[in-house]
Amino acid sequence: MDSVEVNLAEAVFYNSVDPIIIADLRGRILSINRSMEDLLGYSGKDLYDTPIYDLLNSGGESGLIPTLMQDGRVDNQRIRCCRKDGTTLEVKMTASLLRDRHGLPRGIIAILEEATNEIQAEDRIREYISQMKDYVRQVENLNTLKDLFTDILRHDIINPVTVIKNVSTALLADDAITNAEDRKLKVELIKKNVARIEKIIENATLYGKLESMGKLPLYGEDLWLILDRARGNVAWMAEEKNIEIFFHRHGNAEAEVNPLLEDAFANLFSNAVKYSPRESRVDVRIIDEGESWLVDVADHGDGIPDEFKEAIFERFERGGRNGVKGSGLGLAIVKRIVELHLGEVWVEDNSPRGSLFRVRIPKSP
Ligand code: ADP
């Protein structure tokens with residue numbers, strides 16, 4: 001180039017409306033134009049010989065130049081650059097190698113485009129999309145819960161309601177009541193079915209609540225104390241069938257847990273009692289596994305056939321040989337509470353008979 005061409009090229013470079021940086025192949029800044037000076041607040045002199053990476057957050061020394069050497073150019077890379085006043089600026093950078101007349105790379109040229117608004121808009125759209133996805137998930141969740149509650153009304157509450165209706169009709173028809181004992185039995189049947197409805201509503205409400213919970217607050221507690229309270233909750237059921245819930249206790253079992261864990265164990269104990277023969281024993285043990293505790297609840301009932309061992313933890317799956325019993329939500333609740341503790345629950349065969357429910361709870365999730 002003759003000197004006129006050089007001066008012209010310099011004038012075009014310096015006066016270009018696009019902010020431009022020229023650097024050597026080591027990434028040292030040689031020159032910036034006026035637009036870049038305005039953008040960053042630095043003069044060309046301030047930045048002479050400064051590493052371009054100090055100015056542009058473009059992947060450090062391992063980023064820009066090796067990429068340029070390999071690909072020849074970088075298009076619209078989102079970067080953040082530092083202004084003289086300490087603030088940062090979101091920009092899009094297009095860079096390429098400057099070659100001499102023989103095609104040999106001699107330096108680099110980077111053109112920036114201010115993109116704060118565009119990037120903020122992109123970020124807002126991304127945030128909006130993620131909120132929409134959350135919203136869709138919530139609606140799906142609500143729909144599932146709506147189906148669940150409808151199903152509970154249709155299939156589970158209708159049975160006890162029918163019993164209550166028939167028995168109370170019989171109580172009102174004088175000739176059906178033969179004696180005081182018969183009347184007492186019928187009133188007890190009504191009471192029992194009201195309790196069943198209460199339990200179903202309680203379980204459905206708890207299940208709905210658990211479904212929408214992402215995380216539980218955890219507190220340090222001895223698992224044996226939680227098991228003791230859970231045993232207290234079902235004591236009346238156990239007494240009715242003369243079943244002992246026996247704790248094989250050795251020492252404490254401290255863990256970070258939520259009080260809801262008591263509901264999970266109360267459910268396991270109540271099932272153990274419900275599905276066990278009269279005058280049998282439910283054995284409870286805690287095994288130290290190092291990072292976690294393994295709580296075993298073993299009964300001597302009929303056990304659970306292999307094909308139902310997983311399904312019983314999903315709502316509405318009932319594995320009983322005697323057909324449908326209860327709302328089928330108890331074990332789904334247990335599973336959800338245990339999962340919220342980052343634990344696991346499953347069932348195995350107890351030896352010589354019955355079920356062995358096993359709950360693994362991390363000591364500190
Ligand atoms: P529900 O007992 O209300 O039906 P659950 O979710 O608690 O609901 O239990 C689901 C099914 O798992 C029960 O219907 C029963 O068939 C089976 N099950 C649960 N626990 C036991 C147990 N300890 N022994 C035998 N079967 C059990």
Side-chain angles (χ1 to χ4, degrees), residues 141-165 167-168 187-219 221 225-241 243 245 257-276 282 295 297 299 311-320 322-341 343 345 347 357 359 361:
N141 213 2
L142 282 178
N143 273 335
T144 318
L145 285 179
K146 192 195 83 195
D147 291 348
L148 169 72
F149 291 138
T150 314
D151 209 273
I152 289 173
L153 285 178
R154 213 180 281 147
H155 295 113
D156 300 287
I157 294 194
I158 200 79
N159 290 335
V161 165
T162 311
V163 175
I164 293 168
K165 199 172 118 193
V167 176
S168 49
V187 173
E188 264 166 13
L189 199 57
I190 291 177
K191 251 183 91 182
K192 209 168 147 191
N193 279 280
V194 168
R196 249 175 93 187
I197 296 175
E198 268 172 359
K199 188 70 204 162
I200 292 168
I201 293 173
E202 204 179 286
N203 270 350
T205 314
L206 178 58
Y207 188 82
K209 211 166 94 189
L210 288 170
E211 276 293 275
S212 55
M213 277 183 181
K215 236 178 161 190
L216 290 180
L218 303 176
Y219 314 93
E221 217 187 333
L225 293 181
I226 293 175
L227 290 170
D228 205 33
R229 289 201 296 272
R231 179 168 63 176
N233 292 342
V234 300
W236 64 273
M237 282 177 77
E239 272 162 28
E240 250 182 22
K241 287 179 81 174
I243 290 175
I245 301 176
V257 290
N258 184 277
L260 276 172
L261 204 56
E262 181 186 321
D263 292 74
F265 288 118
N267 253 308
L268 291 182
F269 291 163
S270 103
N271 276 347
V273 169
K274 194 155 68 170
Y275 299 108
S276 284
V282 175
V295 186
V297 180
D299 64 54
I312 50 163
F313 292 97
E314 307 303 325
R315 58 179 177 240
F316 294 126
E317 292 293 340
R318 293 136 178 141
N322 311 328
V324 174
K325 299 175 183 171
S327 70
L329 265 182
L331 288 177
I333 289 174
V334 172
K335 187 176 169 205
R336 184 83 188 125
I337 294 176
V338 172
E339 279 174 356
L340 284 167
H341 284 83
V345 55
V347 64
F357 280 84
V359 181
I361 295 289

* To do: May I have the step-by-step check of side chain to side chain contact (heavy atoms under 4.5 Å, CB included) for Leu261 and Glu221, ending in yes or no?
  => CA-CA 11 Å; Leu261 204 56; Glu221 217 187 333; over 6 Å; no

* To do: For Leu331 and Leu268, run side chain to side chain contact (heavy atoms under 4.5 Å, CB included): C-alpha distance rounded to whole Å, both residues' side-chain angles, the deciding distance at 0.1 Å, then the answer.
  => CA-CA 8 Å; Leu331 288 177; Leu268 291 182; 3.7 Å; yes

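Among all heavy-atom pairs drawn from Ile337 and His341, the shortest one is O-ND1, 2.9 Å. Here the shortest heavy-atom pairing between Ile243 and Ser276 reads CD1-CB, 3.9 Å. Annotation for Val234 and Ser270: closest pair CG1-CB, 3.7 Å, computed over non-hydrogen atoms.
Listed by chain and number, the residues in a side-chain hydrogen bond (donor to acceptor under 3.5 Å, both in side chains) with Glu188 amount to none (sequence neighbours excluded). Checked against salt bridge (charged side-chain N to carboxylate O under 4.0 Å, His left out), Glu198 has no partners two or more places apart in sequence or in another chain. Every side-chain contact (heavy atoms from CB on, under 4.5 Å) that Glu339 has, sequence neighbours left out, goes to Lys335, Arg336. A search for side-chain contact (heavy atoms from CB on, under 4.5 Å) contacts involving Ala230 returns Glu262, Phe265, Ala266, Phe269, not counting sequence neighbours. Shown here are the side-chain contact (heavy atoms from CB on, under 4.5 Å) partners of Asn267, two or more places apart in sequence or in another chain: Ile333, Val334. Checked against side-chain contact (heavy atoms from CB on, under 4.5 Å), Lys191 has no partners two or more places apart in sequence or in another chain.
Residues Leu189 and Asn193 meet the side-chain proximity criterion, which asks for heavy atoms closer than 4.5 Å. Looking at Leu340 and Asn258, their side chains never come closer than 4.5 Å, going by heavy atoms from C-beta outward. Annotation: side chain of Tyr275 is not in contact with side chain of Asp299 (no heavy-atom distance under 4.5 Å). Using a 4.5 Å heavy-atom cutoff, the side chains of Val163 and Lys192 are not in contact. At a threshold of 4.5 Å between non-hydrogen side-chain atoms, the residues Asn271 and Val297 do not count as touching. By the 4.5 Å heavy-atom criterion applied to side chains, Leu260 and Leu206 are counted as neighbours. Ile201 is listed as a side-chain neighbour of Ile157, based on a closest heavy-atom distance under 4.5 Å.
Heavy-atom neighbours of Lys165 NZ from other residues, nucleotides or ligands within 6.0 Å: at or below the threshold of 12.
A distance of 9.5 Å separates CD1 in Ile197 from CD1 in Ile158, rounded to the nearest 0.5 Å.
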